[in-house]
Amino acid sequence: MNKLVYIQILLLLTITLTGCHLFDSKSDLPIEMVAFNSLTSEELELIPVSPKDSTVKKIAIDHENKPLINREYNKDEVYCVTFHNTETDTSGTLTVFVDIDKKNVVGKGFTSK
């Protein structure tokens, strides 16, 4: 009788843990990594430390950043990922724009601080 109870508890525990894993949201990439994965090798060389050395902000699209964003993007807001310590003598700071869905890069370029 005890074996039957232990088997049922073990089965219930296994199903519960499997179900929790299916709804785990940690499998999604962080916004910084989505932006980092879109960079070219030349842009990657500008990042001295890691992709986590960046700032993520939700911003409205305006006349300053609109030229850097894909023309087909039709929403009013984007996530702006600014990589620190990437400015050069001729350009501003490396910035990548990520869609509100946090999965697609919709633009990038160098912006002034």
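None of the values given here were measured: they were computed from a predicted structure.
For the pair E45 (side chain) and E42 (backbone), a donor-acceptor distance under 3.5 Å is absent. T111 contributes no side-chain N or O that, together with a main-chain N or O of T95, makes up a donor-acceptor pair within less than 3.5 Å.
No side-chain heavy atom of V105 sits less than 4.5 Å from a side-chain heavy atom of F36. Side-chain contact between E77 and I59 is absent, with no heavy-atom pair separated by less than 4.5 Å. Two residues are said to be in side-chain contact when any heavy atoms from C-beta on lie closer than 4.5 Å; Y79 and K57 fail this criterion.
In this structure, CD1 on I69 lies 11.5 Å from CG on N74, to the nearest 0.5 angstrom. To the nearest 0.5 Å, atom OG1 of residue T82 and atom CZ of residue F110 are 12.0 Å apart. Distance check, rounded to the nearest 0.5 Å: OH of Y73 to CD1 of I61 gives 5.5 Å. One finds the CD1 atom of I31 at 8.5 Å from the CD1 atom of I100 (value rounded to the nearest 0.5 Å).
Heavy-atom contacts from other residues, nucleotides or ligands closer than 6.0 Å to NZ of K66 number 12 or fewer. Residue D62 qualifies as enclosed at atom CG: its count of foreign heavy atoms under 6.0 Å is above 12.
Side-chain contact annotation: S54 with E32, donor-acceptor N/O pair under 3.5 Å absent.
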